[in-house]
> 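One structure coming up, written as structure tokens, with questions to follow.
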Amino acid sequence: MRKRRFWAFLLAASLCFSLAACGNSSADGQQSGGTAEPNAPSDAAGGASAIDWAALKAASTEPNPKEFGGPTEPAKAPTGIKVALVPSDQALSGPAKPAAAIEAVGKNFDWTVQWFNGKGDPTEQNQAIMDAVSWGADAICCFSVDAASVQQGLTAAKDAGIPVVSASNGTDDPNEGTNTVSEGQLDYEFDVGVDYRALGVAIADWMVGDAGNQGSIVVYGAKEYPSCMATEYGLLDELAKSDMEISEVQYFTGGQVGDELNRQVIGYLQAHPEVQYVFMPYDPAAISVVDALSTAGYDDVKVCSILGTEQYQSLIAEGGCAAASAAYDMEYMGWGCADQLIRLLNGQELSSPHGENTPYCVIDSTNLTDSGDWATSVDYQAAFLKLWK
């Protein structure tokens with residue numbers, strides 16, 4: 001009997017009450033329909049058995065693209081402008097790192113840059129945009145802020161004639177089907193994001209290849225972030241091609257990250273001891289879950305995630321439950337957002353795709369970075385600065 005069953009027995013009594021309270025959750029809780037069903041085994045003539053999953057896993061750990069994939073048309077950068085930065089939550093690396101990258105860009109062109117923290121709350125994010133308007137910004141850059149939830153701020157900016165742009169939201173080209181803005185609502189001028197669907201495909205390839213196309217995966221999701229949903233679409237589409245058993249998506253909210261989500265995951269594994277892989281939609285949630293599983297003795301479960309942060313890479317290096325994370329270059333994303341902003345302010349056509357081919361790569365024990373979050377080795381900063389002079 002595996003070690004997890006022994007620990008599951010010991011934990012059952014203490015978790016029973018907590019899991020009963022969580023079991024009736026709706027959109028922010030446990031399960032949701034309309035997701036991938038377990039796949040029937042493929043016959044020997046084709047189907048999933050004909051796919052070289054080992055090759056796909058190996059390819060997923062290679063940077064994509066390997067060369068500079070940004071624009072080639074010059075766009076002279078304006079000087080002396082005021083740029084407001086509005087991260088959804090300044091404490092999170094996902095929105096904070098591309099914001100900091102735009103601040104770094106501005107130093108080359110005498111931009112005055114001011115941060116307005118969204119504090120992880122739509123009310124605060126609306127206020128942050130309105131504060132940026134009052135500050136007299138020439139442009140406002142939001143990061144991981146859902147446009148549908150900040151209509152008051154966007155209206156104030158529109159009335160003041162200030163363009164509002166976005167990054168790390170996953171609601172614009174090359175991402176499709178994730179924009180939450182309804183007809184008649186205001187939207188950003190553009191959103192610069194990695195190809196989140198491709199990111200989901202890459203981490204799916206890694207898991208199926210690592211498992212040898214057999215076994216069981218439980219998928220967790222976060223509906224509150226369009227980028228997470230875009231990743232989920234690619235993930236589920238790719239997993240559906242495999243012979244593996246795939247759970248219904250277990251949804252949670254950011255407010256549940258920590259003890260509540262940890263109890264949900266452990267409860268699921270108690271009820272489904274055959275599960276070998278746990279997918280989490282972003283590293284902060286995965287880090288908490290890995291710590292909880294390690295404490296509970298689940299040493300034969302592999303947790304996979306998205307972002308490739310330095311902290312999660314350190315957990316992968318330790319050789320425990322943390323197995324892999326699909327990473328993208330968050331600083332490149334910020335430079336790409338600055339490039340599109342420059343083109344917008346100049347009245348030029350935006351570069352296509354709007355995501356500017358933000359590089360991505362699955363990180364596992366074979367390709368950990370020396371320090372910091374994952375970043376491409378391509379000298380994109382020099383390439384961008386050449387375009388902007």
Side-chain angles (χ1 to χ4, degrees), residues 1-8 11 36 38-39 48 53-61 199-222 228 231-232 234-236 238-239 241-250 252 257 261-262 264-309 311-327 361-368 374:
M1 183 179 294
R2 295 188 295 180
K3 187 175 181 180
R4 74 168 72 172
R5 296 182 179 177
F6 172 75
W7 280 100
L11 289 169
N39 301 294
W53 293 104
L56 290 177
K57 177 191 174 186
S60 75
T61 60
L199 208 64
V201 170
I203 195 65
D205 288 341
W206 191 96
M207 288 190 289
V208 178
D210 189 69
N213 193 26
Q214 58 183 349
S216 180
I217 300 172
V218 58
V219 176
Y220 282 80
C228 291
T231 303
E232 182 182 303
L235 173 82
L236 295 180
E238 190 74 351
L239 291 178
K241 300 175 185 177
S242 76
D243 291 332
M244 299 189 70
E245 181 179 349
I246 313 301
S247 75
E248 291 186 344
V249 180
Q250 315 293 302
F252 66 94
V257 173
L261 176 60
N262 297 345
Q264 289 180 13
V265 174
I266 291 175
Y268 189 94
L269 294 178
Q270 287 177 338
H272 302 85
E274 73 282 0
V275 170
Q276 301 163 295
Y277 295 82
V278 176
F279 171 78
M280 283 288 153
Y282 49 82
D283 281 0
I287 289 166
S288 178
V289 166
V290 165
D291 288 342
L293 293 181
S294 298
T295 300
Y298 282 83
D299 54 2
D300 52 356
V301 175
K302 295 184 177 182
V303 179
C304 298
S305 181
I306 303 293
L307 282 183
T309 58
Q311 187 175 358
Y312 199 72
Q313 288 194 60
S314 68
L315 292 176
I316 295 174
E318 291 175 5
C321 296
S325 184
C361 177
V362 173
I363 300 296
D364 61 15
S365 61
T366 68
N367 61 348
L368 297 170
W374 181 81

> Just by modelled atom types, is the Ala58 backbone N or O under 3.5 Å from a matching donor or acceptor in the Thr61 side chain?
yes
> Determine whether Leu269 and Val278 make a side-chain contact, defined as any pair of heavy atoms from C-beta on separated by less than 4.5 Å.
yes
> With rounding to the nearest 0.5 Å, note down the distance linking CD1 in Ile306 to SG in Cys228.
8.5 Å
> Please lay out, stage by stage, how Asn262 and Ser288 fare under the test side chain to side chain donor-acceptor pair (under 3.5 Å).
CA-CA 7 Å; Asn262 297 345; Ser288 178; 3.1 Å; yes
> Return yes if a side-chain donor-acceptor contact under 3.5 Å exists between Asp205 and Trp53, otherwise no.
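Absent: no donor and acceptor within the cut-off.
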> If the test is side-chain contact (heavy atoms from CB on, under 4.5 Å), which one of Gln264, His272, Gln270 qualifies with Tyr268?
His272
> Can you name the residues that form a side chain to side chain donor-acceptor pair (under 3.5 Å) with Ser305, not counting sequence neighbours?
Asp283
> Any donor and acceptor pair, going by atom type alone, linking the side chain of Tyr312 with main-chain N or O of Tyr282 inside 3.5 Å?
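Judged by distance alone, no pair lies under 3.5 Å.
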> Between the side chain of Ser247 and the main-chain N/O of Val219, is any donor-acceptor distance below 3.5 Å?
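Yes: the side chain of Ser247 pairs with the backbone of Val219.
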> Would you say the side chain of Asp364 lies within less than 4.5 Å of the side chain of Ser60, judging by non-hydrogen atoms?
no
> Do the non-hydrogen side-chain atoms of Val249 and Glu232 ever get within less than 4.5 Å of each other?
yes
> Is there a side-chain contact between Ile203 and Phe279 (heavy atoms, below 4.5 Å)?
yes
> To check you understand the geometry: which heavy-atom pair defines the closest contact between Val201 and Gly234, and what is its length?
CG2-O, 3.5 Å
> Could you tell me if the side chain of Ser242 sits less than 4.5 Å from the side chain of Asn213, heavy atoms only?
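Side chain of Asn213 against side chain of Ser242, heavy atoms only: contact under 4.5 Å found.
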> If you look at every heavy atom in Ala204 and Leu239, which pair is closest and at what distance?
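Here Ala204 and Leu239 meet closest at CB-CD2, 3.8 Å.
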> Using atom types as modelled and distance alone, determine if a side-chain donor or acceptor of Gln276 lies under 3.5 Å from a backbone N or O of Ser216.
yes
> Just so I know, are the side chains of Val289 and Ile266 near enough to count as touching, which here means a heavy-atom distance under 4.5 Å?
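Sidechains of Ile266 and Val289: no contact.
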> Would you please test Phe252 and Val265 for side-chain contact (heavy atoms from CB on, under 4.5 Å) and show each step?
CA-CA 11 Å; Phe252 66 94; Val265 174; over 6 Å; no
> Report the C-alpha distance between Val218 and Tyr277 in whole Å, list the side-chain angles of each, state the deciding distance to 0.1 Å, and finish with yes or no for side-chain contact (heavy atoms from CB on, under 4.5 Å).
CA-CA 6 Å; Val218 58; Tyr277 295 82; over 6 Å; no
> side-chain contact (heavy atoms from CB on, under 4.5 Å), that's the test. Do Val362 and Asn367 meet it? Break it down for me.
CA-CA 9 Å; Val362 173; Asn367 61 348; over 6 Å; no
> Do the side chain of Glu245 and the main chain of Ile217 share a donor and acceptor less than 3.5 angstrom apart?
no
> So do the side chains of Glu238 and Leu56 get within less than 4.5 Å of each other, counting heavy atoms only?
yes
> Working note: Lys302 + Asp210, criterion side-chain contact (heavy atoms from CB on, under 4.5 Å); need CA distance, chi angles, decisive distance, verdict.
CA-CA 10 Å; Lys302 295 184 177 182; Asp210 189 69; 2.7 Å; yes
> How many angstroms lie between CG in Leu235 and CD1 in Ile246, if you round to the nearest 0.5 Å?
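Atom-to-atom, Leu235:CG and Ile246:CD1 are 8.0 Å apart.
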> Roughly how far, to the nearest 0.5 Å, is CD1 of Ile316 from SG of Cys321?
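Rounded to the nearest 0.5 Å, the SG-CD1 separation comes to 12.0 Å.
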> What heavy-atom pair brings Gln313 and Gly308 nearest, and what distance separates the two atoms?
NE2-O, 3.1 Å
